Amino acid sequence: MRQAIELNENWIFVKHAENVAEAAAVQGEEISLPHTWNAVDGQDGGNDYYRGTCWYRRMLESPQLNAGQKVYLEFDGAAMTADVYLNGEKLARHEGGYSRFRVNVTEKLRAGTNELAVSVDNADNDHVYPQKAEFTFYGGLYRMVRLVIVPEVHFSMDYYGGDGIRVTPEVTLADGNREQQAAVADGYAKAEFELSDVHLWDGVEDPYLYTAKAELAGGDVVETRFGCRCFHVDPQKGFFLNGRAYPLRGVSRHQDRAGVGNALTSAMHQEDMEIIKEIGANTLRLAQYQHAQEFYDLCDENGLIVWAEIPYITLHMPNGRENTLSQMQELVVQNYNHPAIVCWGLSNEITASGGVTEDLLENHRLLNDLCHRLDASRFTTMADVFMLETDSPVLEIPDVNSYNLYFGWYLGELEQNDAFFDEYHAKYPDRCIGFSEYGADANPQYQSAEPEKGDYTESYQAVFHEHILQMIEKRPWLWATHVWNLFDFAADGRDEGGKNGQNQKGLVTMDRKLKKDAFYLYKAYWNQKEPFVHLCGRRYADRTEAETEVKVYSNQPEVTLFVDGKKRETLQGSHVFRFKVPISGTHRIEAQTGVCRDFAGLQSTRNSVSMAAALFGACQSRIFSHKENNGTPVRRCLADRWKKET
């Protein structure tokens, strides 16, 4: 039997050292895993977070081994490049910050105490992805490290971080237990089962999981969960799961958190999943890199359909081809058994900083072929940047495509999203197309009675998503749609919307404590299991207009509004309910549907409006200067400058 020992305690972190000897001599800081050195400076703005080489070290007791046993160090994530040393000797190097890798230390362990050291580097280079993107590239041992002991004859530990077992369900499989023996030939064994009355893994309604276990005569055992499901994509009808139309409507997720960075605990992953379940999404784009195994497991357990991808993003690097291929091989091998995953993402906005070249096309062809060779059961896709022409040859490489569009935020008008997809669908009726990114930044402190594109108000974000949701509802042939983003996330080069260092397109703040109004809009559309009502604009308490709009989101067909305890009006409709309310003082507003109620307080301030407040309100709606964030243009509101200067 194999044994896994977690090595999460008794680490020493050394931020600066020239080599392993110096790292061993420096006093350092006592830490536990998971850990990142950019939890603070990677989120505070300025685009000046530390990117370089840091060191982790600890003492490692040599385990008692039986004859023939092997010992591996297992790293779930070391960002971005890691060199592993034991007793001063370099044993391995791994390039790629988001996937598992292992190091065989059996012959290098000495009796008693050993010195383990790991250098981890997130510095700029020309061959390890990502290097240019609008999110913080945290450095660190930010996922778990283990010591794994296996018998002499064991399932593969050296094949791209995989588990040594692969299950490929074809939907004729079924409920029940089966046992079968299979001979090992050339290091590989294959067994086929036929099971009747299969219990399907059926999305969020019934994510049923089976367990497959394999055992070698020498005693090594591995097991994996899997789900029996079939799926396909139709260019006219969208996504199908288990033979029925199953429109994929959901969100994207970055893994980081305020004050934590990417060093998440299991409880944090679980909290994220609970928020996803509340909003009612049935699909996730896990952007823009390989996520933690704990989270893919949660997706399996909760029936979320997943788009999984590698960080081949924004800038194609001619020297990075091998890194894209190795990261893709790790992604597929390590995640093959997750029923939640239906597609492999080749790249994201890869033409944003250089356009389409023959080298870029060849890189994508190789990635596409690799995915199909490793996994014939899933399709490939890409997230295409909005300025990529639809007749570009790169769109012909993956099985399906999706576009990142920001009409109504960075440029143009909201209706251009509708026109883009209609034109694409008319021109390419045999192609499957999806909507992989769309959103608008919102600082909950910014509110407006007359929201406008680019004003960073929570009010405009809600207007933006109201339009997009209606657009999506009318186009069932969009195979998948993913809001950018479920959570605000760190982009240290950003300085806009009154908050430095964050992309604020999230429907939930980065600390997961505040759900913006737009979150409840999606909940009204998607979550039909839990009746609710939500009063929008509660953070817009001080209002200058004589008559104000009170907007309510609900998944129920009727909402009644009360003002100061008196019934104002009852409206029938779907999702969005708009009431007109005169205000002259301080008022208590209540929205009610069935047993569900929500409350907010409003007050009139029109008689005390100052010139400063008027100037600030006007300033909020004007976006001017640009700056670079790892090469990505961003915007800043003059209101930020005005606040500093006054």
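Remember, predicted model here, so these are calculated numbers, not experimental data.
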Pairs involving residues 289-299, ordered by first then second residue, that meet side chain to side chain donor-acceptor pair (under 3.5 Å) (sequence neighbours left out):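 Pairs touching residues 289-299 that pass the test: Arg253-His291, His254-Tyr289, Gln290-Gln334, Gln293-Asn335, Gln293-His338.
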query: How far apart are the C-alpha atoms of Lys132 and Glu349, what are their side-chain angles, what is the distance that settles it, and do they pass the salt bridge (charged side-chain N to carboxylate O under 4.0 Å, His left out) test?
result: CA-CA 11 Å; Lys132 196 172 188 179; Glu349 296 191 349; over 6 Å; no
Looking only at heavy atoms, what is the nearest atom pair of [X] and [Y], with distance?
X: Ala490; Y: Tyr138; answer: CB-OH, 3.1 Å
X: Leu507; Y: Ala518; answer: CD2-CB, 3.8 Å
X: Phe532; Y: Lys523; answer: CE2-CG, 3.4 Å
X: Tyr460; Y: Thr457; answer: N-OG1, 2.9 Å
X: Tyr246; Y: Gly303; answer: OH-O, 4.4 Å
X: Val483; Y: Trp526; answer: CG2-CH2, 4.3 Å

Gap separating the [atom1] atom of [X] from the [atom2] atom of [Y], nearest 0.5 angstrom:
X: Phe577; Y: Leu561; atom1: CZ; atom2: CG; result: 11.5 Å
X: Asp256; Y: Thr36; atom1: CG; atom2: OG1; result: 9.5 Å
X: Tyr438; Y: His467; atom1: OH; atom2: NE2; result: 11.5 Å
X: Gln461; Y: Asn443; atom1: CD; atom2: CG; result: 10.5 Å
X: Glu590; Y: Leu535; atom1: CD; atom2: CG; result: 8.5 Å
X: Ser574; Y: Gln556; atom1: OG; atom2: CD; result: 12.0 Å

Check: [X] side chain, [Y] main-chain N or O, donor-acceptor pair, under 3.5 Å:
X: Arg543; Y: Ser604; value: no
X: Thr544; Y: Thr605; value: no
X: Asp272; Y: His269; value: no
X: Asp598; Y: Ala591; value: no
X: Gln416; Y: Glu413; value: yes
X: Thr283; Y: Gly250; value: no
X: Asn503; Y: Phe489; value: no
X: His587; Y: Gly585; value: yes
X: Asn8; Y: Ser32; value: no
X: Asn302; Y: Leu298; value: yes

Do [X] and [Y] have a side chain donor and acceptor closer than 3.5 Å?
X: Asp492; Y: Asn38; result: no
X: Gln270; Y: Glu274; result: yes
X: Asn404; Y: Asn348; result: yes
X: Asn242; Y: Asp202; result: yes
X: Asp441; Y: Gln504; result: no
X: Gln447; Y: Ser459; result: yes
X: Gln603; Y: Asp542; result: yes

Can you check whether [X] reaches [Y] side chain to side chain, under 4.5 Å on heavy atoms?
X: Leu248; Y: Trp479; answer: yes
X: Ile433; Y: Ser402; answer: no
X: Leu414; Y: Ile468; answer: yes
X: Ile305; Y: Asn282; answer: no

Compute the centroid of each ring, for [X] and then for [Y], and state whether the two points are separated by less than 6.0 Å.
X: Tyr403; Y: Phe435; result: no
X: Tyr522; Y: Tyr520; result: no
X: Phe519; Y: His534; result: no
X: Tyr553; Y: His575; result: no

message: Show, in sequence, the C-alpha distance, side-chain angles and deciding distance for Arg538 and Asp517, and conclude whether the salt bridge (charged side-chain N to carboxylate O under 4.0 Å, His left out) test is met.
response: CA-CA 9 Å; Arg538 67 186 63 245; Asp517 285 340; 5.3 Å; no
I'd like to know if [X] and [Y] make a salt bridge, using a cut-off of under 4.0 Å between side-chain N and carboxylate O.
X: Arg257; Y: Glu271; result: yes
X: Arg475; Y: Asp422; result: yes
X: Glu569; Y: Lys580; result: no

query: Pick from Lys515, Lys516, Arg539: which one makes a salt bridge (Lys or Arg N to Asp or Glu O under 4.0 Å) with Glu458?
result: Arg539
For [Y], does the six-membered ring have the charged nitrogen or CZ of [X] within the cation-pi criterion, i.e. under 6.0 angstrom from the centroid and within 45° of the normal?
X: Arg512; Y: Phe487; result: yes
X: Lys551; Y: Phe579; result: no
X: Lys505; Y: Tyr406; result: yes

query: Can you name the one residue among Val306, Leu284, Leu264 that meets side-chain contact (heavy atoms from CB on, under 4.5 Å) with Phe295?
result: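 Single side-chain contact (heavy atoms from CB on, under 4.5 Å) partner of Phe295 among Val306, Leu284, Leu264: Leu284.
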Identified ring-ring contact (aromatic ring centres under 6.0 Å, His included) counterpart of Tyr456 within the set Phe464, Tyr446, Trp409: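 Single pass found, and it is Trp409.
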query: Would the number of heavy atoms belonging to other residues, nucleotides or ligands and lying under 6.0 Å from CD of Glu450 be above 12?
result: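 No.
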statement: For Glu547, the side-chain hydrogen bond (donor to acceptor under 3.5 Å, both in side chains) test, sequence neighbours excluded, returns none
Parallel, tilted or perpendicular, as decided by the 30° and 60° cut-offs, for the rings of Trp307 and His482: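 Geometry flag for Trp307 against His482: perpendicular rings.
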